[in-house]
Amino acid sequence: MNEQDSLALHQLPAEAVAVIEALSVSPHLLAHLVLVHDVAARLVQGIQLRWPDLSFDADAVQFGAAVHDIGKVQHPEEMTGPGSKHHAAGVALLETHGMSSQRARFARTHATWERERDIRFEDLLVALADIVWAGGRNQKLEDAVTTHLAASEGSAVWEAYMGLDDILTQLSAQSDLRLIWQTQFASEPALLGEAEDDGPTA
């Protein structure tokens, strides 16, 4: 990988690291959590820059992204195949390790946001990061985020969508690099605290 193509990844939140270490998360899962968290951090930064007066819990979004798939510790088959058992399992694991229900919910809502009765903007952003990290797009999810953004400043929905689309387009630009980076850790030992370009960091 050329130096110009390397990924500079954000460090995981300390409270997420504590859970990850306690659960001995696999290298492949850790790499995925690192990547989705990095995209969430960049998504948050982009939104804060474009909508500086918007009030939301940026820390919660980044924590949620860092642990959203933690339930796959108990259901590793869902790392490479379909399945939803890791949603409830993740919530239970996080609560067992001292996380509040408001923090643990991201292990479920990142995938169930369409069916939630009390969906929050923060839930939507974690769900969005989990799609965009690999270059995916979801119009219904983006529309939900856009509606919130437009309402926050009283702007036209199309204006808010254009702003969000710019952010997501930039985030998607490195999706191939992220996918390549993640494949390095399918079987290697995970070393928390390694240099950012050498392995999953936390």
Side-chain angles (χ1 to χ4, degrees), residues 1-45 59-99 103-112 125-136 171-202:
M1 186 178 292
N2 297 328
E3 184 177 351
Q4 63 267 30
D5 292 333
S6 63
L7 293 170
L9 302 168
H10 289 77
Q11 296 289 311
L12 295 177
E15 60 182 338
V17 171
V19 175
I20 288 168
E21 289 181 328
L23 294 173
S24 299
V25 169
S26 71
H28 189 59
L29 177 53
L30 174 57
H32 176 66
L33 296 176
V34 167
L35 290 170
V36 176
H37 167 263
D38 181 68
V39 169
R42 296 178 190 280
L43 176 59
V44 163
Q45 290 170 353
D59 289 340
V61 173
Q62 293 179 68
F63 172 79
V67 299
H68 73 285
D69 271 348
I70 202 72
K72 291 182 179 180
V73 168
Q74 292 185 342
H75 298 282
E77 72 281 1
E78 295 184 9
M79 276 300 302
T80 55
S84 58
K85 293 179 181 178
H86 71 277
H87 303 159
V91 172
L93 281 172
L94 290 171
E95 291 180 343
T96 296
H97 284 81
M99 299 297 119
R103 291 280 190 169
R105 64 185 278 129
F106 293 109
R108 181 187 71 251
T109 61
H110 76 276
T112 63
L125 295 185
V126 172
L128 190 55
D130 192 34
I131 292 173
V132 176
W133 80 275
L171 290 174
S172 296
Q174 287 192 309
S175 59
D176 287 345
L177 289 179
R178 294 188 196 102
L179 288 165
I180 293 170
W181 189 88
Q182 180 177 251
T183 62
Q184 300 176 76
F185 307 101
S187 59
E188 295 179 14
L191 299 177
L192 294 177
E194 287 181 345
E196 287 183 337
D197 292 332
D198 293 332
T201 59

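Position 1 is the first residue of the sequence; numbering continues from there. For clarity, every value in this text was computed on a predicted model and none was experimentally measured.
Between L12 and A66, the shortest heavy-atom contact is CD2-CB, 3.8 Å. When all heavy atoms of A134 and L179 are compared, the closest pair comes out as CB-CD2, 4.1 Å. F185 approaches A31 most closely through the heavy-atom pair CD1-CB, 3.7 Å. Listed here is the closest heavy atom pair of I70 and L93: O-CD1, 3.8 Å. Between H37 and A65, the closest heavy-atom pair is CA-CB, 3.8 Å. Residues V126 and H110 share a closest heavy-atom pair of CG1-CB, 3.9 Å.
Remark: side-chain polar atoms of Q62 are not paired, donor with acceptor, to backbone N or O of D59 under 3.5 angstrom.
Inter-residue side-chain proximity for L33 and H68 is flagged as met; some heavy-atom pair is nearer than 4.5 Å. For the pair Q174/L7, a side-chain contact is recorded, criterion being any heavy-atom separation below 4.5 Å from C-beta on.
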Item to check | Stepwise side chain to side chain contact (heavy atoms under 4.5 Å, CB included) check, W133 with Q182 | outcome: CA-CA 11 Å; W133 80 275; Q182 180 177 251; 3.5 Å; yes

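Of the inter-residue distances, the one linking K72 atom NZ with H32 atom NE2 reads 5.5 Å to the nearest 0.5 angstrom. Within the model, atoms CE of M99 and CD of E15 stand 5.0 Å from one another, a figure rounded to the nearest 0.5 Å. The CG atom of L9 sits 5.0 Å away from atom CH2 of W181, with the distance rounded to the nearest 0.5 Å. D130 CG to L35 CG: the interatomic distance, rounded to the nearest 0.5 Å, is 11.0 Å. Atom CG of L171 and atom CD1 of I131 lie 13.0 Å apart (nearest 0.5 Å). To the nearest 0.5 Å, the span separating NE2 on H10 from CD on Q45 amounts to 4.0 Å.
Contacts of R178 classified as side chain to side chain donor-acceptor pair (under 3.5 Å), with partners at least two apart in sequence or in another chain: none. Residues forming a side chain to side chain donor-acceptor pair (under 3.5 Å) with T96 (at least two apart in sequence, or on another chain): none.
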